[in-house]
Amino acid sequence: MTILITGGAGYVGSHTALVLCQAGYDVIVIDNLVNASREAVVRVEQLAGRRIVFVEADVRDSDTVASALTRYGVDAVIHCAGLKAVGESTERPLLYYQTNIDTTLSLCSAMERVGVKTLVFSSSATVYGDPDELPVTENAPVGWPSNPYGWSKLMIERILTDVQAADSDWSIALLRYFNPVGAHESGRIGEDPKGIPNNLMPFVTQVAVGRRATLSVFGGDYATADGTGVRDYIHVMDLAEGHLRAMHVIAERGGCRVWNLGTGRGTSVLEVVEAFKRVTGRPIDYRIVPRRAGDIAACCAAPERAQAELDWRARRGLDAIVRDAWRWQRQNPEGYMGSDRE
Ligand code: UDP
């Protein structure tokens with residue numbers, strides 16, 4: 001079987017490519033390298049001992065996508081390409097709506113044109129907005145994401161649902177990621193944010209490695225056990241394995257199906273900081289600062305549907321997350337920079 005991964009040189013895409021290669025699939029990666037590195041794909045090939053076809057192109061280039069789908073005999077597509085910086089999406093909403101939505105529309109048009117109709121989409125728990133009840137199930141109302149990034153994911157979910165409703169030949173999985181963190185256990189691939197990281201875990205590891213001085217903890221007065229924000233952190237390798245399972249299930253059962261990919265466990269910012277110190281021996285200098293606009297107090301997945309229907313569960317806990325994130329950061333203090341081979 002041959003799988004095309006859009007955004008396959010990025011963080012989630014590269015780990016998913018590795019899981020697929022290791023499971024014996026032929027993998028095609030298409031990526032415009034706007035927020036990703038060619039080196040990530042090279043390292044996936046090394047880890048898997050398998051060649052990956054790399055197409056450097058924008059997914060909005062529908063002709064290139066269509067010809068890749070036919071040329072390589074692609075059976076299914078995993079769609080990870082898109083912009084994902086929440087803060088930037090608030091400053092540049094047009095860019096986010098245009099890029100994320102156009103990319104998906106072009107991809108689906110190309111797929112439709114050549115008759116490839118199995119699609120796994122990277123969605124996000126932000127579609128739930130600030131959920132009324134925790135843990136949040138897939139049946140919770142999707143409501144009011146607090147930023148254009150989240151809205152773009154919600155709009156794409158709607159588009160894909162309509163596409164599948166109009167043509168039952170489509171099989172579509174909408175995967176609502178909670179907070180993907182960590183890295184492959186080899187430390188060869190991992191998260192490589194450009195500039196100052198927006199997300200907690202890369203910021204923590206960059207403090208530990210000396211690239212940043214102090215972690216700002218956004219808010220110490222939330223209604224949580226220690227006052228700091230609570231999230232459901234999922235190891236990126238667990239997440240990647242979830243994609244493989246979801247692809248199997250929709251290929252077999254069809255329809256348009258939604259799954260949360262999370263652990264069901266909530267962890268506070270201070271618990272992450274403590275775990276980091278416990279596992280790596282490195283204390284993280286931090287100070288509590290005012291809340292970040294748009295943040296919610298707590299979010300945590302109900303993972304039961306994915307567990308039952310995908311026969312999948314997140315197996316790696318917080319200690320493994322921290323250990324692997326730290327190994328990646330320590331071995332690659334500047335990320336992929338300097339090792340690019342273009
Ligand atoms: N956070 C923090 N300092 C940072 C980055 C994040 O205190 O430098 C907190 C943030 O307020 C939230 C949690 O860490 O409670 C996870 O934030 P992240 O940006 O990683 O993911 P989000 O859940 O916002 O998508």
Side-chain angles (χ1 to χ4, degrees), residues 10-12 35 82-91 96 100 122-131 134-136 142 144-154 175-183 190-209 211-236 239 260-277 284-301 318 321-322 325-326 328-329:
Y11 176 44
V12 173
N35 188 28
L83 298 175
K84 61 168 189 179
V86 168
E88 188 187 39
S89 79
T90 308
E91 286 149 28
Y96 270 68
N100 290 356
S122 298
S123 189
S124 164
T126 57
V127 300
Y128 294 116
D130 192 354
L134 293 179
V136 58
V142 286
W144 211 253
S146 53
N147 53 72
Y149 160 77
W151 276 108
S152 75
K153 292 291 180 188
L154 186 53
L175 300 183
R176 294 183 179 153
Y177 302 169
F178 280 66
N179 287 60
V181 285
E191 187 171 14
D192 184 18
K194 288 213 166 82
I196 301 171
N198 299 303
N199 297 113
L200 178 65
M201 192 60 78
F203 205 105
V204 166
T205 59
Q206 290 195 8
V207 171
V209 86
R211 270 174 78 177
R212 318 265 162 215
T214 303
L215 169 71
S216 295
V217 175
F218 298 138
D221 57 352
Y222 284 110
T224 59
D226 64 20
T228 64
V230 167
R231 296 290 183 276
D232 185 335
Y233 296 98
I234 175 168
H235 195 296
V236 66
L239 190 79
N260 284 341
L261 293 184
T263 69
R265 283 183 305 276
T267 305
S268 74
V269 176
L270 291 184
E271 284 172 332
V272 169
V273 168
E274 278 156 26
F276 200 88
K277 183 174 169 201
I284 300 297
D285 188 49
Y286 73 87
R287 68 196 155 90
I288 304 217
V289 302
R291 297 178 179 191
R292 181 170 66 177
D295 272 357
I296 59 176
C299 193
C300 176
L318 186 59
I321 284 171
V322 166
W326 177 231
W328 153 254
Q329 183 72 72

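Just follow the structure's listing: the first ligand is 1, and inside any ligand the first atom is 1. Note that the structure is a prediction, hence the values are computed from the model and not measured.
Residue Ser216 has at least one heavy-atom neighbour below 4.0 Å for each of these atoms of ligand 1: 2 (C), 3 (N), 4 (C), 7 (O), 8 (O). Near Arg292, meaning under 4.0 Å from one of its heavy atoms, ligand 1 places the atoms 10 (C), 17 (O), 18 (P), 19 (O), 24 (O). For ligand 1, the atoms lying closer than 4.0 Å to a non-hydrogen atom of Asn198 are 5 (C), 19 (O). Close contacts of ligand 1 with Val217, meaning ligand atoms under 4.0 Å from a residue heavy atom, involve 7 (O). Near Asn179, meaning under 4.0 Å from any of its heavy atoms, are these atoms of ligand 1: 21 (O), 22 (P), 23 (O), 25 (O).
Between the side chains of Thr90 and Asn147, no donor-acceptor pair is found at a separation under 3.5 Å.
Nearest to atom 18 (P) of ligand 1 among the protein's heavy atoms is Asn199 ND2, 3.4 Å. Scanning all protein heavy atoms for the shortest distance to atom 11 (O) of ligand 1 gives Asp295 OD2, 2.6 Å.
Using a 4.0 Å cut-off between heavy atoms, Leu215 contacts ligand 1 through its side chain alone, with no backbone atom that close. Contacts between Val269 and ligand 1, counted as non-hydrogen atom pairs separated by less than 4.0 Å, involve the side chain only.
By the 6.0 Å contact criterion, OH on Tyr286 is open, its count of non-hydrogen atoms from other residues, nucleotides or ligands being 12 or less. Within 6.0 Å of atom NZ in Lys194, more than 12 heavy atoms from other residues, nucleotides or ligands are found, so the atom counts as buried in its surroundings.
Residues Gly264 and Asp232 share a closest heavy-atom pair of N-OD2, 2.9 Å. Here the closest non-hydrogen pair linking Thr228 and Ser268 is OG1-CB, 3.3 Å. Between Ala325 and Met201, the closest heavy-atom pair is CB-CG, 4.1 Å. In this structure, Thr126 and Gly150 approach most closely via the heavy-atom pair OG1-CA, 3.3 Å.
Residue Leu200 holds the heavy atom nearest to atom 20 (O) of ligand 1 of all those in Val181, Asp232, Leu200. For atom 4 (C) of ligand 1, the nearest non-hydrogen atom from the set Phe218, Tyr286, Tyr233, Phe203 belongs to Phe218. Distances from atom 12 (C) of ligand 1 to the heavy atoms of Met201, Arg231, Lys84, Arg212 put Arg231 nearest.
Using a 30° and 60° split on the angle between ring planes, Tyr96 and Tyr149 fall in the perpendicular class, above 60°.
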